[in-house]
> 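My structure is below; once you've seen it, I'll send some questions.
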Amino acid sequence: MKKIEAFIRPERLGDVGRALEEKGFVSMTVTDVEGRGRQKGITLEWRASEYQVDLLPKIKLEIIADDKEWEKIVEIIREAAKTGEVGDGKIVVYPVEEIIRVRTGEKGLGAL
Amino acid sequence: MKKIEAFIRPERLGDVGRALEEKGFVSMTVTDVEGRGRQKGITLEWRASEYQVDLLPKIKLEIIADDKEWEKIVEIIREAAKTGEVGDGKIVVYPVEEIIRVRTGEKGLGAL
Amino acid sequence: MKKIEAFIRPERLGDVGRALEEKGFVSMTVTDVEGRGRQKGITLEWRASEYQVDLLPKIKLEIIADDKEWEKIVEIIREAAKTGEVGDGKIVVYPVEEIIRVRTGEKGLGAL
Amino acid sequence: MKKRWLRSLKPFLAFTGGIFYLAAASPAYAQESSINAGDTAWVLASAALVLLMTPAVGFFYAGMVRKKNALSTITMCFIVAALVSIQWVLFGYSLSFGPDKGGIIGGLGWAGLAGVGQAPNADYAATIPHLAFVIFQAMFAIITVALLVGTVVERIKFSAFLIFATLWTTLVYDVIAHWVWATGGWLRALGALDFAGGTVVHVSSGMSALALAMVLGKRKGFGRNTMEPHNIPLVVLGAGLLWFGWFGFNAGSALASNGLAANAFVVTNTAAAASTLIWMLLSWSHGKPGTLGVATGAVAGLVAITPAAGFVGPVAAIAIGAGAGLICYYAVLFRSGRNIDESLDVWGVHGMGGIWGAIATGFFASKFINSAGANGLLFGAPRQLLIQIVAVLVVSTYSFAVTWILAKIVDAVVGLRVKEQEEEVGLDISQHGERAYAVR
Amino acid sequence: MKKRWLRSLKPFLAFTGGIFYLAAASPAYAQESSINAGDTAWVLASAALVLLMTPAVGFFYAGMVRKKNALSTITMCFIVAALVSIQWVLFGYSLSFGPDKGGIIGGLGWAGLAGVGQAPNADYAATIPHLAFVIFQAMFAIITVALLVGTVVERIKFSAFLIFATLWTTLVYDVIAHWVWATGGWLRALGALDFAGGTVVHVSSGMSALALAMVLGKRKGFGRNTMEPHNIPLVVLGAGLLWFGWFGFNAGSALASNGLAANAFVVTNTAAAASTLIWMLLSWSHGKPGTLGVATGAVAGLVAITPAAGFVGPVAAIAIGAGAGLICYYAVLFRSGRNIDESLDVWGVHGMGGIWGAIATGFFASKFINSAGANGLLFGAPRQLLIQIVAVLVVSTYSFAVTWILAKIVDAVVGLRVKEQEEEVGLDISQHGERAYAVR
Amino acid sequence: MKKRWLRSLKPFLAFTGGIFYLAAASPAYAQESSINAGDTAWVLASAALVLLMTPAVGFFYAGMVRKKNALSTITMCFIVAALVSIQWVLFGYSLSFGPDKGGIIGGLGWAGLAGVGQAPNADYAATIPHLAFVIFQAMFAIITVALLVGTVVERIKFSAFLIFATLWTTLVYDVIAHWVWATGGWLRALGALDFAGGTVVHVSSGMSALALAMVLGKRKGFGRNTMEPHNIPLVVLGAGLLWFGWFGFNAGSALASNGLAANAFVVTNTAAAASTLIWMLLSWSHGKPGTLGVATGAVAGLVAITPAAGFVGPVAAIAIGAGAGLICYYAVLFRSGRNIDESLDVWGVHGMGGIWGAIATGFFASKFINSAGANGLLFGAPRQLLIQIVAVLVVSTYSFAVTWILAKIVDAVVGLRVKEQEEEVGLDISQHGERAYAVR
Ligand SMILES: Nc1ncnc2c1ncn2[C@@H]1O[C@H](COP(=O)(O)OP(=O)(O)O)[C@@H](O)[C@H]1O
Ligand SMILES: Nc1ncnc2c1ncn2[C@@H]1O[C@H](COP(=O)(O)OP(=O)(O)O)[C@@H](O)[C@H]1O
Ligand SMILES: Nc1ncnc2c1ncn2[C@@H]1O[C@H](COP(=O)(O)OP(=O)(O)O)[C@@H](O)[C@H]1O
């Protein structure tokens with residue numbers, strides 16, 4: 001089992017969510033985060049002057065996925081999240097040791 | 001060492017926190033997230049009409065635990081978080097390579 | 001590749017971010033979380049009385065790093081985040097299996 | 001789907017216009033000879049100010065509950081404004097101020113505001129349109145019912161609240177308003193002084209809140225889970241608007257734009273200030289001077305000066321305000337030590353503050369300030385103090401008892417509380433199908 | 001950098017003071033003999049109340065959009081207050097109320113408020129300073145333009161909005177205000193009744209909103225992405241302040257502090273209450289009684305009573321309010337079923353509410369209430385109903401058509417919409433360089 | 001626990017009522033013959049409007065600080081309302097307006113408002129109760145002190161602020177108010193014009209803010225850490241309520257409900273609008289037209305018209321407003337380029353706006369507008385301009401110097417700043433034991 005973690009643009013969340021759902025991958029968890037990377041920060045207004053903010057709002061998507069499916073999911077996310085401009089983000093994959101469904105106590109694949 | 005990540009209902013947080021504390025597991029980190037899965041979304045009101053929201057508020061609990069204790073912790077969380085209805089969530093376990101306490105620089109078990 | 005996850009005090013975020021940037025490690029993701037551990041909770045006022053809150057605001061920093069650099073990064077964070085008082089937090093390191101840049105599809109080191 | 005009974009209302013609603021219209025066919029003709037434009041301007045402005053106090057109470061309370069119940073709290077206050085406004089026009093005003101029946105209640109002669117028009121009613125206010133008096137008083141009825149929201153937050157069923165609120169307005173508020181303020185009302189005849197509603201508004205809502213909390217029971221997790229106020233700036237917004245609106249409440253109660261109104265305005269501000277400072281000092285001596293405490297202190301001072309505003313001067317106002325800070329602080333502290341979930345301390349602040357104010361009026365009232373008033377103990381008239389105490393006891397007992405009975409009845413018939421799971425998810429979702437704040 | 005044209009304005013601005021001053025050199029001298037202080041107090045207080053309605057609309061609307069467009073929504077309303085205030089002083093007041101040109105428009109005789117001073121103008125209000133009338137009316141022009149914000153949120157270019165708003169105020173609002181309210185205006189001469197702006201304010205903005213939304217097009221993701229209201233307590237703050245301010249709007253329109261003002265005050269409150277309750281019941285019958293619905297219901301009732309406030313009594317107000325709840329509820333429901341992104345239902349609430357109110361005035365108006373008014377159908381004058389319908393049709397057609405044309409022109413010249421990516425990121429960042437709420 | 005000195009106050013507090021009462025024993029008797037109800041209605045309504053400006057300033061400022069200091073900012077403003085209200089009744093009013101001592105200060109003859117009652121005081125306002133004048137003026141003292149909060153946010157110790165505020169009100173505000181406004185005050189005798197507080201309120205607070213910021217020092221991380229405004233809708237709420245309240249501030253300063261009040265009302269609105277538009281254009285030419293900028297522009301215009309409101313007409317108001325936008329914009333830009341942490345630009349907006357307004361009054365003032373005023377340079381009286389400049393210099397110097405000294409003393413005795421760690425955690429937790437917003 002794998003955990004897929006994607007850092008994406010907030011404005012792509014709608015499309016990514018829909019794309020996943022259409023392909024049958026409904027389950028996911030979403031967190032509002034802030035990030036910095038290659039994309040440069042934004043300039044904000046303060047009354048008569050301006051200032052820089054380097055942390056930009058991003059969305060973190062977490063999906064626990066079967067070993068057979070994670071590559072497909074990564075691809076769906078990548079396509080739906082892509083704008084082609086710096087700041088589109090990363091998708092990271094981690095090993096999972098165990099997963100348990102709270103409601104039933106099922107473990108492993110059965111818990112997904 | 002393991003990392004336990006639990007996605008639970010917000011209204012169970014109080015009980016889960018208390019249950020863990022009673023058994024001596026105080027340390028944890030809590031994040032407000034949104035999730036979707038088998039549980040269907042909710043219908044919300046908009047003036048005269050209604051609309052669907054598929055992301056529901058959930059709580060993510062993160063606990064770094066000793067190899068010997070993680071199973072106990074998972075069990076405590078599962079019991080306290082359970083309502084028996086769809087949407088109770090999952091508990092996921094990951095491998096940890098290293099842990100360091102910022103204050104002292106201690107590593108491994110000593111950092112917990 | 002590794003993932004570094006640091007739970008630090010909110011008021012140290014500015015210094016930690018600057019320290020990392022100065023050493024060339026710009027990329028990171030930041031989440032507002034709450035935590036409890038050895039540090040005791042705070043007492044808050046309610047009109048004429050008081051109550052205890054055990055979850056304190058913390059910041060979670062996530063950085064995906066090259067196998068060769070993660071130790072340096074951990075050290076920078078540790079130094080900048082440290083106050084010496086209980087509650088400074090932990091830094092945890094996890095294995096990463098894969099990383100993909102959304103914009104280009106590059107994988108591994110090239111995606112960083 | 002399931003709410004077929006509501007659907008069946010629709011034809012009835014369509015019919016309503018027709019029926020009601022008949023009653024309006026002969027509204028009172030305007031005879032403006034004795035109307036004073038300045039007095040009218042002040043009373044209308046005051047009525048607007050008092051209306052604003054109802055959303056203000058909504059914000060004040062909503063900021064103190066958990067996020068998941070914020071809308072529920074605000075909406076109950078907002079809907080009270082609508083509900084009581086209609087009740088008032090249909091029969092509430094008539095019950096309260098209409099032709100007296102034995103000192104106990106007004107008759108239905110003014111139901112639908114029949115015969116109530118643009119000309120003044122000299123019994124109540126000789127220099128303003130009768131309708132101006134009607135609407136000024138309407139705002140008092142509204143705010144009193146809205147105060148009760150503070151005791152039922154986070155667990156009451158919305159439908160049950162609507163039913164309870166309608167009954168309470170009619171059987172508690174209208175009755176007490178008649179006793180204390182109406183021509184012929186028996187407490188007024190006894191000589192009880194209540195300039196702007198210390199007993200009618202605050203003692204009645206405060207004591208009722210206690211009874212209601214006892215019948216309703218504690219919130220799930222009360223005393224165990226943290227119940228952090230979710231938005232304290234919203235509480236201060238409420239408190240700020242309340243302070244602002246209270247000038248209409250108290251100085252508007254002069255029903256004229258004169259020296260007495262100015263006096264009421266000054267003492268209102270002074271008592272609020274004194275109480276705020278005392279609350280700050282007391283909470284500092286026990287811990288830290290919190291924002292919630294300061295805002296609550298201001299409200300306590302405003303409550304306590306309410307019955308006295310037209311009878312005492314600025315220095316007495318300092319004493320009354322300081323006393324309010326002291327008494328309400330310890331009342332709230334006392335309550336939070338008990339196992340009673342009178343959630344937002346309507347009893348501690350309005351009940352105890354109102355009692356203190358009503359009794360203090362019996363001490364400090366002076367004919368120097370208001371020749372149409374009376375002297376209190378300090379001006380050599382201990383009898384007035386006694387009358388004030390009687391009024392407090394009567395109003396307290398009546399409102400506590402009737403509220404208890406009403407609450408028990410509503411609970412038996414429709415059930416006062418939401419289901420346990422609805423309470424856990426929060427009333428915003430479960431009762432109103434909404435979330436106060438979207439995630440993004 | 002790029003905005004050199006703006007920079008080049010600076011010397012011009014420096015020059016402005018000098019030029020304008022000349023016009024002010026001989027302001028009207030104060031002749032206060034006929035001024036009534038009470039009437040003036042009420043109209044000034046009312047003008048302040050109506051000013052507050054513009055930020056209130058800003059909060060009401062901003063709470064309903066997504067977080068990323070909150071500031072944009074508020075700022076458009078706020079800047080309208082500034083823009084229209086200046087337009088009004090420079091020429092707007094003169095176009096609206098200045099010396100009549102053939103019943104169609106006012107002349108420029110009062111441009112720069114030349115000759116408009118502290119003495120009353122008996123044509124409009126004999127007992128208050130002419131300047132008090134000017135500023136009271138200014139607030140109406142402002143709020144009407146601010147209402148249009150509700151239809152363009154989340155996608156309009158800020159610069160295009162400013163241009164459109166200036167044109168619209170001049171070519172739509174000022175013209176209709178002249179027709180209906182100015183001495184010599186042709187709809188006024190026809191006998192159309194509009195006490196406080198049912199047609200001038202609400203029908204005009206509501207129908208214009210529809211045209212504007214059709215030219216502007218749908219928000220990206222409309223009907224597909226969730227567009228959750230981001231802060232409903234902010235919506236209620238707006239609604240609460242609107243209810244409060246509306247007393248100035250309607251009762252201030254008596255332009256005096258008298259029985260008629262009191263009547264307008266009472267019916268305003270009553271209609272708002274009735275509409276709120278009906279909306280609550282209807283939405284309950286279809287689902288749950290939401291906060292947004294209740295707040296919208298209140299506004300619908302306030303809209304509908306606006307043209308009628310000085311001509312009907314409290315029982316008719318219940319009928320008008322209840323009708324508003326019913327009609328606007330179904331209008332909003334109808335619109336949300338179409339594919340038109342008239343985003344915050346300015347048409348459904350203000351347009352349809354205003355039409356209902358204007359027509360209902362033709363039913364319920366009575367000389368018992370206002371001897372300077374007229375009788376409606378129910379008092380035996382079917383002709384008045386016909387006149388009201390004509391006024392509604394004229395105002396609807398004119399405002400829809402002119403708005404459509406203006407919107408098309410502005411779109412062609414500067415482009416109405418932001419770029420797609422700007423819309424996705426949100427207007428707060430892209431148009432104003434700000435975020436409504438910081439993360440920490 | 002540790003605050004035993006506070007505890008020891010309690011018996012004293014209990015005693016207070018008794019003592020104070022004596023002073024109230026013979027309040028002024030009501031002689032209402034000369035009271036005009038309309039004037040009184042307007043002044044009372046205005047006093048309520050000005051009171052609202054203090055929480056409004058709290059919201060305006062609080063929205064601009066970081067989340068962790070939001071409550072601290074609001075609470076300082078709120079507590080100022082309480083503190084200064086009591087100071088005013090006890091001795092502040094007497095120092096400011098009481099029987100003159102050599103043009104410098106009022107005597108203590110009116111301490112505790114002894115002899116100040118419901119009858120008018122013809123020296124200040126012949127047609128309203130003396131108490132109405134007292135409370136209207138009280139609100140000015142309060143708001144002036146509240147303005148200072150903008151310069152000390154995010155780092156001042158709450159206890160030190162309370163001490164400083166009490167001293168400043170007494171030694172700076174009361175003194176300057178006496179000089180400029182009291183019968184016998186030396187600047188008034190000199191002929192300085194200040195209709196509603198350009199020098200007394202804005203120059204004094206603006207220049208004091210600068211001195212205070214210099215003594216207090218910069219916030220930790222100033223110029224290094226991002227200090228993003230945490231809630232801009234809250235800022236707009238503040239600005240909206242300020243605009244609303246300012247009608248009371250300026251038009252209420254006519255102390256009557258007449259043509260002059262209407263004039264003040266119109267020019268207030270016009271100047272605010274002009275300044276808003278100029279600020280928008282200037283910030284657009286440098287970047288984007290932000291919400292904070294627009295809101296700040298409005299306040300700058302309101303500040304600048306304050307001293308002039310009763311002496312100039314609407315076209316001059318456009319010039320004054322536009323000038324304010326220009327001057328304050330560059331003042332704020334200038335300050336943000338320096339290394340001075342005058343955090344929320346009280347100097348840039350109120351100081352410089354007030355100076356501009358006071359001087360502009362010397363240009364544009366005209367007896368056409370106010371026969372009891374004076375002519376300015378443009379009406380052939382250069383001397384008035386000179387007097388205005390003298391007044392500005394005197395008030396600036398006095399307030400800067402005395403503030404500096406007071407700040408140094410308070411710093412030496414109790415320490416002005418919180419500990420470094422308290423500053424990092426935020427003043428809400430460290431000073432008030434609260435968090436503005438709960439997580440859930
Ligand atoms: N090394 C990293 N560790 C953690 N988060 C990262 C890292 N690199 C990027 N991110 C996240 O991805 C977002 C986009 O990355 P960025 O480098 O700006 O763009 P791109 O991926 O297109 O090159 C960042 O804002 C941050 O949230
Ligand atoms: N595969 C997954 N990846 C990430 N998060 C998940 C996954 N499945 C479930 N979750 C999280 O757990 C929550 C509850 O899951 P759900 O499937 O609705 O209920 P249940 O676990 O009872 O079957 C979801 O809202 C989501 O936050
Ligand atoms: N075992 C753990 N699992 C997850 N988070 C932890 C754990 N221990 C500590 N934390 C996080 O680190 C923060 C600081 O830890 P704490 O034990 O209070 O201080 P210290 O690390 O200085 O001993 C906590 O508030 C929590 O967010």
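Convention: sequence-line order gives letters A, B, ...; per-chain numbering from 1. What you are looking at is a predicted structure, and each value in this text was computed from that prediction instead of being measured. Only this structure's heavy atoms are used, side chains among them; waters, hydrogens and symmetry mates stay out.
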> Let me confirm one number: the CD1-NZ distance from Ile429(F) to Lys288(D), rounded to the nearest 0.5 Å.
7.5 Å
> Is it the backbone or the side chain of Ala47(F) that comes under 4.5 Å from a heavy atom of chain D, or both, or neither?
both
> For the residue pair Glu228(D) and Arg435(F), what are the closest heavy atoms and their distance?
OE1-NH2, 2.8 Å
> Could you look at Leu237(F) and say if it's the side chain, the backbone, both or neither that has a heavy atom under 4.5 Å from chain D?
side chain
> Within the 4.5 Å heavy-atom criterion, are Leu277(D) and Ile79(F) side-chain neighbours or not?
yes
> Out of curiosity, Leu113(F) CG to Thr270(D) OG1, how far, rounded to the nearest 0.5 Å?
7.0 Å
> Passes side chain to side chain contact (heavy atoms under 4.5 Å, CB included), Asp428(F) versus Ile232(D)? Steps please.
CA-CA 11 Å; Asp428(F) 290 4; Ile232(D) 300 184; over 6 Å; no
> What's the shortest heavy-atom distance between Gly240(D) and Phe78(F), and which atoms?
N-CE1, 4.4 Å
> Rounded to the nearest 0.5 Å, what separation is found between the CG atom of Leu241(F) and the CG atom of Leu241(D)?
7.0 Å
> In terms of heavy-atom proximity below 4.5 Å to chain D, should Ala436(F) be classed as side chain, backbone, both, or neither?
both
> CG of Leu49(F) to CZ of Phe244(D): how many Å apart, nearest 0.5 Å?
5.0 Å
> With a 4.5 angstrom heavy-atom cut-off, which part of Ser430(F) approaches chain D: side chain, backbone, both or neither?
backbone
> What part of Ala298(D) gets within 4.5 angstrom of chain F, counting heavy atoms only: side chain, backbone, both, or neither?
side chain
> Where is the tightest heavy-atom contact between Ala273(D) and Ser85(F), given as atom of each residue plus distance?
CB-CB, 3.5 Å
> Looking at Val235(D), Thr226(D), Asp39(D), Asn269(D), which has the largest count of heavy-atom pairs under 4.5 Å with chain F?
Asn269(D)
> Which atoms of Ala272(D) come close to chain F, meaning under 4.5 Å heavy atom to heavy atom: side chain ones, backbone ones, both, or neither?
neither
> Could you tell me if the side chain of Pro55(F) sits less than 4.5 Å from the side chain of Trp243(D), heavy atoms only?
no
> What heavy-atom pair brings Pro233(D) and Phe59(F) nearest, and what distance separates the two atoms?
O-CE2, 4.1 Å
> Examine whether an atom of Val84(F) lies under 4.5 Å from a heavy atom of chain D, and if so say whether it belongs to the side chain, the backbone or both; otherwise answer neither.
neither
> Counting only heavy atoms closer than 4.5 Å, note whether Pro289(D) contacts chain F via side chain, backbone, both or neither.
both
> Does a side-chain heavy-atom distance below 4.5 Å link Tyr437(D) with Tyr437(F)?
no
> Nearest 0.5 Å, what's the OG1-CH2 distance between Thr40(F) and Trp42(D)?
10.5 Å
> Counting only non-hydrogen atoms closer than 4.5 Å, does Leu292(D) touch chain F with its backbone (N, CA, C, O), its side chain (CB onward), both, or neither?
both
> Could you list the residues that satisfy side-chain contact (heavy atoms from CB on, under 4.5 Å) with Ala132(F), not counting sequence neighbours?
Ala262(D), Val43(F), Leu44(F), Ile128(F), Pro129(F)
> Could you look at Val134(F) and say if it's the side chain, the backbone, both or neither that has a heavy atom under 4.5 Å from chain D?
neither
> What residue, out of Asn231(F), Thr54(F), Leu83(F), has the most heavy-atom pairs lying under 4.5 Å from chain D?
Leu83(F)
> Below 4.5 Å, heavy atoms only, C-beta onward: do Leu162(F) and Met280(D) meet side chain to side chain?
yes
> Do you know which two heavy atoms are closest between Asn263(D) and Gln118(F), and how far apart they sit?
CB-NE2, 3.7 Å
> Under 4.5 Å from any heavy atom of chain D, what part of Leu71(F) do you find: side chain, backbone, both or neither?
both
> State, to 0.1 Å, how close Arg440(F) and Lys67(D) come at their nearest heavy-atom pair, and which atoms those are.
C-CB, 4.0 Å
> Any chance you could measure Leu51(F), atom CG, to Trp246(D), atom CH2, to the nearest 0.5 Å?
13.5 Å
